[in-house]
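Numbers here simply count residues along the sequence, with the first being 1.
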Amino acid sequence: MTSTISTSFTLIPNQKYRRSSRRSKPFCNTVDTDSESLSTLGNFKALPLEIFQMVLKYLSVKDISMLSMVSKAVSNRLINYISTSSGNRRLLLQDFHNLEISGKREGSCVLEHYRSLGLLLKRCTLLLPTKDRLKYIHKILSEVSCFKLSGCPSPLHCLGLQCYGVFLQTLTAGWDELECHRVFNFLCELSNLPRKVQTVVSSKPGSARKLELRIRLFCRSVLLNHWIHRSDSAFWLTRILKPWPMVNQARLLYIIFGPVSSLNVVPREWLMENNARLLILSGNNICFTFMASKAVNGRAVELARLVVFLALVCEKDLYCMDWAVKMMQKVCKVFSTPGERNNFLQSVENAFAHMIMDMLQSVMSGDHDEEDSSFLNLFHLVNAQANFHKEILYLTMRKNILLF
């Protein structure tokens with residue numbers, strides 16, 4: 001993850017498609033008995049299938065996944081083992097609610113187990129097209145009720161969806177966009193996610209609270225939380241949001257990332273800094289549309305305060321300050337008259353001044369404890385104002401140079 005912000009927050013890097021020449025060939029539940037298959041088993045060909053599967057009990061899941069790369073014949077035997085009841089019981093751990101398992105140490109072991117299982121099935125199904133891979137893996141995992149969106153009776157105290165997310169992250173790591181699209185569509189079909197989202201975004205807030213919670217847990221635990229790179233998380237978040245109009249996207253973002261309350265109450269209003277941070281992470285299009293709406297509706301003072309907080313977040317989170325300046329410049333073009341535009345720019349300067357004075361007064365009052373961050377906030381705000389105006393000067397000087 002980089003420390004600067006680019007001009008787009010949800011761009012997904014293009015990747016080359018792979019495995020386009022694979023042929024669909026369904027798995028066989030019987031071991032190949034022809035001479036060619038037996039020859040690729042090496043010393044294992046002397047072992048009966050039952051003895052071979054007994055040996056597997058002494059291997060870790062990681063070791064079994066390495067063994068699957070030896071040959072296609074060995075991989076087929078492993079597929080047979082995974083499909084058996086004994087292999088199923090060993091590989092599909094389902095005690096997601098035990099208090100000891102849910103502890104940090106034991107919980108990490110369960111997550112690591114499903115990460116290794118994802119690697120095993122990734123290697124065993126390597127030669128299959130994506131569609132057949134997904135069908136086979138679903139057949140293996142279909143009995144785990146806690147992997148389903150509405151399958152667990154107590155989702156808040158369950159590691160099931162987190163294990164499913166780790167499994168899918170390992171399985172799909174390195175896949176191209178086309179294949180990941182197919183994975184997302186497959187998951188939507190299995191979980192009926194679009195219809196459930198339609199239910200919550202078209203109903204009154206809080207009227208489908210349990211369903212909102214399940215959608216939140218499924219999207220975060222299965223699709224979003226386990227990726228290392230922001231571009232990967234952005235891809236899956238884009239898949240979730242793209243089918244819906246902007247008003248529903250905003251509602252869905254609030255359901256997924258907003259505060260959670262166990263009581264049926266209206267949550268407290270977000271801090272402006274958190275609103276600004278969410279706008280930045282939502283991408284240029286959503287951020288501009290939101291700000292342009294305020295400009296069109298005559299809410300220049302509120303918009304000016306938002307610009308100040310965008311600059312503050314850029315300073316705190318080490319994003320490029322020129323992004324905030326360019327966004328303000330783009331919003332200025334929305335105003336219909338020069339007078340409205342000048343009034344907005346004056347409001348931005350007033351907002352900077354008022355916020356600095358308020359923070360300075362808080363620091364000078366001395367009425368704060370050791371953990372109070374008033375001085376640090378003042379430090380960041382002053383630096384944000386300086387860097388914000390520096391970028392404006394750079395932009396102005398470049399234009400003047402081009403004119404001459």
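Side-chain contact, Ser221 with Gln162: no donor N or O sits under 3.5 Å from an acceptor N or O. No donor-acceptor contact under 3.5 angstrom links the side chains of Ser75 and Ser68, judged on distance only. Side-chain contact of Asn80 with Ser83: a donor-acceptor pair under 3.5 Å is absent, judged by distance alone. Side-chain atoms of Glu349 and His354 form no donor-acceptor pair, as typed in the model, at a separation below 3.5 Å. Residues Asn350 and Gln346 bring a donor and an acceptor atom of their side chains to less than 3.5 Å of each other.
Across every non-hydrogen atom of Met328 and Ile392, the tightest pair is CE-CD1, 4.1 Å. Taking all atoms of both residues into account, the shortest heavy-atom contact from Arg90 to Lys57 is NH1-CA, 3.6 Å.
The CG atom of Leu310 lies 11.0 Å from the CD atom of Glu273; values are rounded to the nearest 0.5 Å. With values rounded to the nearest 0.5 angstrom, Leu345 atom CG is found 10.5 Å from Gln329 atom CD. With rounding to the nearest 0.5 Å, the separation of OG in Ser150 from CG in Asn192 is 9.0 Å. The distance from atom CG of Leu187 to atom CG of Leu168, rounded to the nearest 0.5 Å, is 5.5 Å. Atoms NE2 and CZ, from His138 and Phe186 in turn, are 5.5 Å apart once rounded to the nearest 0.5 Å.
A cation-pi arrangement, defined by a distance under 6.0 Å to the six-membered ring centre and an angle within 45 degrees of its axis, is absent between Arg214 and Phe218.
Ring orientation note: the planes of Phe147 and Tyr114 are nearly perpendicular, at an angle over 60° on the 30°/60° scale.
At least one side-chain heavy atom of Leu120 sits less than 4.5 Å from a side-chain heavy atom of Leu117. Using a 4.5 Å cut-off on side-chain heavy atoms (C-beta onward), Gln385 and Glu315 make no contact. Counting heavy atoms from C-beta on, the side chains of Glu340 and Thr337 come closer than 4.5 Å. Side-chain contact between Val325 and Tyr394 is absent, with no heavy atoms from C-beta onward closer than 4.5 Å. Proximity of Cys180 to Trp236: side-chain heavy atoms (C-beta onward) are separated by under 4.5 Å at one or more points. Here the side chains of Val296 and Val334 are in contact, with some heavy-atom distance below 4.5 Å. At least one side-chain heavy atom of Trp323 sits less than 4.5 Å from a side-chain heavy atom of Ile280.
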_From CA spacing to verdict: side-chain contact (heavy atoms from CB on, under 4.5 Å), Leu149, Leu217_ = CA-CA 8 Å; Leu149 191 150; Leu217 293 175; over 6 Å; no

*side-chain contact (heavy atoms from CB on, under 4.5 Å) between Phe344 and Val307: does it pass, once the steps are laid out?*
CA-CA 10 Å; Phe344 164 66; Val307 169; 3.9 Å; yes

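Under the 6.0 Å cut-off for aromatic ring centres, Phe235 and His181 qualify, their centroids lying closer than that.
Screening Val110, Leu111, Val222 for a side chain to side chain contact (heavy atoms under 4.5 Å, CB included) involving Val166 leaves a single residue, Leu111.
Ionic pairing of Glu143 and Lys148 is not present here: no N-O contact between side-chain nitrogen and carboxylate oxygen is shorter than 4.0 angstrom.
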